[in-house]
Amino acid sequence: MSFNTDVVIPDPATGQGVYRQHAREWLQANLPDHMRSDSLNYRTPTLQESVDWETALYKAGLAGMTWPKEYGGYGLSLREHLAVNKEIGALPMPESVGSIGKELAGPIIMAVGTEEQKREFLPAILSMREHWCQGFSEPEAGSDLASLRTRAVQEGDRWVINGQKIWTSGAAKARYCLLLTRTGTVADRHRGLLMFAVPMDTPGIRVVPIKSIDGKESFAEVFFDNVTVPDTARLGAPNEGWNAAIRVLSIERATNRMYRPWRFEGELKQLVRACKSDPELSKLLQESYYQRRIGQIACEVDGLKGLIEKVVDQLMAGETIGAQGSLNKLYWSECHQAFAGLAMEMVSHVHEGSSELAKRAKAHFTNAYLFARAETLYAGVTEVQLDIIAQRIMNLPKESQS
Ligand SMILES: Cc1cc2nc3c(=O)[nH]c(=O)nc-3n(C[C@H](O)[C@H](O)[C@H](O)COP(=O)(O)OP(=O)(O)OC[C@H]3O[C@@H](n4cnc5c(N)ncnc54)[C@H](O)[C@@H]3O)c2cc1C
């Protein structure tokens with residue numbers, strides 16, 4: 001695949017919407033037809049095809065917008081990031097294979113990393129040379145992350161790590177793991193946690209893929225058996241791991257994959273288009289039962305756009321997002337899960353004789369439906385988000401344990 005990366009990146013100061021127009025024109029001209037999930041020529045991209053695509057996006061000025069120029073970024077603001085995300089969301093393109101690096105590891109390295117770490121890791125993330133995974137969850141520490149047990153013990157200028165992570169997305173292809181460990185005892189809870197950038201080829205690391213309901217092996221168990229790393233692999237000071245982890249989770253909940261509502265809107269239109277292309281499915285569109293549910297989703301998608309714009313305004317004004325991240329996370333996960341349920345119900349009417357577009361929609365929305373089951377789990381389960389909203393936004397007391 002070849003892409004036009006010989007482009008002039010516009011100066012946002014030249015006028016409102018210039019950057020967004022650049023994004024729209026470049027994406028429309030370069031997104032290969034076989035990567036569009038609504039195309040009859042669609043096929044699942046290989047990892048290399050996804051890497052090539054995202055490398056081209058970066059070279060065209062459509063990734064790393066907010067990162068400083070000295071670390072490979074474009075030194076722009078969240079406004080340009082949002083503008084680009086609206087256009088990325090508007091097209092049915094594959095999900096990023098580098099988002100853990102670009103949206104989680106990169107920002108936390110920028111916040112707590114040393115100058116050497118920033119220069120080493122950040123440009124390699126943006127240019128898609130190195131993938132990252134996020135090693136937070138453990139078998140007994142998911143929602144209750146502060147009970148994690150993976151131990152890091154300092155021996156001179158090295159750390160020896162022992163323990164196990166689970167549900168680690170992209171672990172098999174990752175070059176580095178953003179690893180959260182414990183230096184104290186489990187009773188210390190959120191005190192005594194420490195974050196590392198651990199090379200995944202360090203002796204003692206074993207990755208065991210987990211197959212999910214959609215047949216993919218996109219996450220894994222990761223075992224650490226006397227894994228020894230130098231002190232330079234430490235991200236931030238000892239005891240500051242919890243604050244760093246909370247920052248990562250806040251990004252994951254509020255600003256990661258900012259394109260979501262525009263993508264959901266596109267999927268909703270794809271569903272309607274596919275139904276219209278088929279005589280049997282188009283009858284569903286005349287039923288008030290489906291019309292109301294489609295109307296409800298359209299309304300929720302619009303609300304989600306507003307929440308994203310609000311977060312960008314807050315961050316641009318120098319405010320922190322805090323518990324607002326939980327509100328956004330709850331909203332996008334519940335909204336998309338409800339939509340995927342509706343889509344699945346409608347495409348279940350597709351059969352051998354249905355239109356080709358309807359069959360394509362069935363394949364796409366079956367996958368979306370299965371993955372949507374995970375959306376109310378990863379980045380924090382729904383119940384926990386509800387508690388955070390009640391206690392930290394509405395200032396209600398914590399439930400008494402008696
Ligand atoms: C697709 C996918 C990708 C993931 N990728 C990663 C990754 O890359 N890195 C990583 O570190 N982790 C990852 N995770 C793990 C994810 O963060 C955890 O699944 C999540 O935090 C929930 O933890 P758990 O699975 O241990 O479930 P638990 O915490 O055991 O929760 C199970 C259920 O118990 C209930 N529950 C839990 N706590 C409460 C509460 N306080 N109040 C009421 N009910 C509650 C809820 O119904 C919840 O659904 C991924 C998960 C998925 C599904």
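Numbering of ligands and ligand atoms starts at 1, following listing order.
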Query raised in the report: Based purely on interatomic distance, does Glu138 place a nitrogen or oxygen under 3.5 Å from a nitrogen or oxygen of ligand 1?
Result: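 Such a contact does not occur with ligand 1.
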Requested in this report: Please determine if Ser137 has a nitrogen or oxygen closer than 3.5 Å to a nitrogen or oxygen of ligand 1.
Outcome: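 Yes.
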May I ask you to say whether [X] pairs ionically with [Y], meaning some side-chain N is under 4.0 Å from a carboxylate O?
X: Arg119; Y: Glu115; value: yes
X: Arg263; Y: Glu95; value: yes
X: Asp6; Y: Lys59; value: no
X: Glu309; Y: Lys86; value: yes
X: Glu375; Y: Arg260; value: no

Report task. Establish, for the pair Lys329 and Trp332, whether the NZ or CZ atom is under 6.0 angstrom from the six-membered ring centre and no further than 45 degrees off its axis. Result ->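 Geometry flag: set, cation within 6.0 Å and 45°.
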Measure from [atom] to the protein's non-hydrogen atoms and state whether any distance is below 4.0 Å.
atom: atom 8 (O) of ligand 1; answer: yes
atom: atom 26 (O) of ligand 1; answer: yes
atom: atom 35 (C) of ligand 1; answer: no

Report task. Could you tell me which atoms of ligand 1, counted from 1 in the order shown, lie closer than 4.0 angstrom to a heavy atom of Ala374? Result ->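 Under 4.0 Å from Ala374, ligand 1 has these atoms: 1 (C), 53 (C).
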Could you check [atom] against the protein and tell me its nearest heavy-atom contact, residue, atom and distance included?
atom: atom 51 (C) of ligand 1; result: Tyr378 CB, 3.5 Å
atom: atom 31 (O) of ligand 1; result: Ser143 OG, 3.7 Å
atom: atom 21 (O) of ligand 1; result: Gly142 C, 3.6 Å
atom: atom 13 (C) of ligand 1; result: Trp167 O, 3.1 Å
atom: atom 40 (C) of ligand 1; result: Val384 CG2, 4.2 Å
atom: atom 49 (O) of ligand 1; result: Leu377 CD2, 3.5 Å
atom: atom 33 (C) of ligand 1; result: Val381 CG1, 5.0 Å
atom: atom 43 (C) of ligand 1; result: Glu383 CB, 3.4 Å

Query raised in the report: Just wondering, are more than 12 heavy atoms of other shown residues or ligands nearer than 6.0 Å to CZ in Arg149?
Result: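 No, the 6.0 Å shell around CZ holds no more than 12 heavy atoms from other groups.
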Query raised in the report: Can a donor-acceptor pair be found between the side chains of Glu345 and Ser348 at a distance below 3.5 Å?
Result: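 Looking only at side-chain atoms, Ser348 and Glu345 do not form any donor-acceptor pair under 3.5 Å.
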Requested in this report: Nearest heavy atom to atom 2 (C) of ligand 1 wins, so pick from Phe219, Phe371, Phe136.
Outcome: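 Nearest heavy atom to atom 2 (C) of ligand 1 lies in Phe219.
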Query raised in the report: Angle class for the Tyr378/Phe371 ring planes (parallel below 30°, perpendicular above 60°, tilted otherwise)?
Result: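 Ring orientation of Tyr378 relative to Phe371: tilted.
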Query raised in the report: For the rings on Tyr176 and Phe121, is their centre-to-centre separation under 6.0 Å?
Result: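 Yes, the ring centres sit under 6.0 Å apart.
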